[in-house]
Amino acid sequence: MIRGRACGHGSEEEGDAVKAVRVDAYGGPEVLVPVELPDPVPEAGELLIRTEAVDTIFVETQIRAGWGDRFGITPPYVPGGAAAGTVAGVGAGVDGEWLGRRVLVAGAALGTYAELVRAPLEHLVAVPAGLGPAEAAALGHDGVTAAGIAAAAGITAGTRVLVLGAAGGMGTLLVQLAVAAGAEVVGAARGERKLALVRSLGAHAVADYTEEGWTGRVGRVDLLLDGVGGELGRAAFALVRDGGRVSAHGAPSGGFAEPDPLEAGRRGITVTGIREVQFEPEQRRRLAAFALGEAAAGRLRPVVSRTFPLDRAADAHRAIEAREVPGKALLVP
């Protein structure tokens, strides 16, 4: 969260107001209110970043709606945890060579819905040349998590993988990572527009999970990457072969899918969940650097379908909750 203070070394002039978005009470998108705050000051070991693109993820809409207690976030707070921008100031103990460099704030709870953001050095990754701020910001949360999930799943050539929520920010990345590993990928999403996107990313087959009987068209899979949860996640679990694997990391449908542990044990299915994708700072930096490097090399394409001005963060949340955004929606200060 941004703490209002005067500007520090290497930042903007003292007394400037910073535009941000704040939540003063849980509720609908309308509680995302544009505000002006005093400039933040980077403390020892921190940097000040002037944001150029701010990531949004579905769980931020759930926190805003009342899930904050589950994450230790209570109003008033500035939402957001990932953004790309340029270093505008440094705190004590930070090398001044960082000034002017483009960086990614990689998915820590820092309050990034703002023009200026303080972040510890351990949460920053340099953005490779040739990669724009929008692409970098789009990898701040989902690039880290997708890279971690794909690595832990040990996807190999010939693995049959079902990506549930394949047209979302993380789903689009998981499809690409699984295809690159040589897997046979089935992408499940909602509606022809999203299915067309999933096909364009290399999926071998697609399924519309709003249609009756969709699971019968998917068939058996070795690995389920569940970015949706709820009833859809439970239906998809039934498709996993005995001895298969499940990553139940998503909850846009209202809750994380929780396969019956007795059934999973009886069938020899390994299940991992959201706890396994909570990374320590150094691991997060390593995964973010990998995702940024793959994107800069053209091997991974973050899908950014919509951008909103920072002061229209409420509209971004409405679009996300209405499932209107394939890939990512970003805020632009």
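Computed from a prediction, not measured in an experiment: that's the story for all the values here.
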Smallest separation among heavy atoms of P128 and A296, with atom names: CB-CB, 3.8 Å
E36/K19 salt bridge by N-O under 4.0 Å criterion: no
Path from L121 to L104 over hydrophobic side-chain contacts below 4.5 Å: no
Atom of G140, atom of V144 and distance for their closest heavy-atom approach: O-CG2, 3.5 Å
Heavy-atom side-chain contact between V179 and Q176 under 4.5 Å: no
From L223 atom CG to R241 atom CZ, the distance as rounded to the nearest 0.5 Å: 11.5 Å
Side-chain (H123) to main-chain (A106) donor-acceptor, under 3.5 angstrom: no
A146: partners by side chain to side chain contact (heavy atoms under 4.5 Å, CB included), with sequence neighbours left out: M170, L173, L174, L177
Minimum heavy-atom distance V54-P333, with the two atoms named: CG2-CG, 4.2 Å
Greater than 12 external heavy atoms within 6.0 Å of Q278's CD: yes
OG on S305 to CD on E324, rounded to 0.5 Å: 10.5 Å
Side-chain donor or acceptor of R160 paired with backbone N/O of R220 under 3.5 Å: yes
L232-V271 co-clustered via ILVMFWY side chain contacts under 4.5 Å: yes
Ionic contact status for E280 with R284, cut-off 4.0 Å: no
F308 side, atom CZ; R306 side, atom CZ - distance, nearest 0.5 Å: 3.5 Å
W67 six-ring centre to R70 NZ/CZ under 6.0 Å and within 45° of normal: yes
In one Ile/Leu/Val/Met/Phe/Trp/Tyr side-chain cluster, 4.5 Å: V228, I269: yes
More than 12 heavy atoms from other groups under 6.0 Å of CZ on R193: no
Heavy-atom pair of closest approach, residues P42 and G89: CG-C, 4.2 Å
Chi angles and distances behind the side-chain contact (heavy atoms from CB on, under 4.5 Å) call for E122, E282: CA-CA 7 Å; E122 64 182 3; E282 183 52 41; over 6 Å; no
Exam field: side chain T159 to backbone I155, donor-acceptor pair closer than 3.5 Å: no
Full working for side-chain contact (heavy atoms from CB on, under 4.5 Å) between E263 and F237: CA-CA 10 Å; E263 181 184 359; F237 175 76; 3.8 Å; yes
Hydrophobic cluster identity match, V185 and L225, side-chain contacts under 4.5 Å: yes
Close side-chain approach of S247 to I149, heavy-atom, < 4.5 Å: yes
SB check K328 D55 (cutoff 4.0 Å): yes
Flag side-chain contact, heavy atom, 4.5 Å: V31 against V33: no
Distance in Å, I57 CD1 paired with Q62 CD, rounded so as to fall on 0.5 Å steps: 9.5 Å
A114 backbone acceptor or donor facing T51 side chain under 3.5 Å: yes
Distance, nearest 0.5 Å, that separates CG of L139 from OG1 of T145: 11.0 Å
Under-4.0 Å salt bridge between R102 and E52: yes
pair L224-L239: side-chain heavy atoms closer than 4.5 Å: no
Nearest atoms (heavy-atom pairs only) where A183 meets V161: CB-CG2, 3.8 Å
Chi angles and distances behind the side-chain contact (heavy atoms from CB on, under 4.5 Å) call for Y113, L331: CA-CA 8 Å; Y113 285 26; L331 305 177; 3.8 Å; yes
Donor-acceptor under 3.5 Å (T307 side chain, L330 main chain): no
Linked, directly or transitively: V325 and V304 (ILVMFWY side chains, under 4.5 Å): no
side-chain contact (heavy atoms from CB on, under 4.5 Å) assessment of T272 paired with R245: CA-CA 8 Å; T272 58; R245 293 158 288 160; over 6 Å; no
Sub-4.5 Å side-chain heavy-atom contact between V303 and L197: yes
Whether R285 side chain and L124 backbone form a donor-acceptor pair below 3.5 Å: yes
Backbone N/O of G100 and side chain of T86: donor-acceptor pair under 3.5 Å: no
Under 3.5 Å: donor-acceptor pair, side chain of T61, backbone of F58: yes
pair V21-V78: side-chain heavy atoms closer than 4.5 Å: no
Interatomic spacing from OH in Y26 to OH in Y77 - rounded to 0.5 Å: 6.5 Å
Polar side-chain atom of D208 near backbone of G191 as donor-acceptor pair, under 3.5 Å: yes
Student check: side-chain heavy atoms of L48 and P40 closer than 4.5 Å: yes
Student check: side-chain heavy atoms of E60 and H141 closer than 4.5 Å: yes
Electrostatic pair E30-R64, nearest N-O below 4.0 angstrom: no
Lys/Arg-Asp/Glu bridge criterion (N-O < 4.0 Å) met for E211, R190: no
Closest non-hydrogen atom pair, L162 against A188: CD1-CB, 4.0 Å
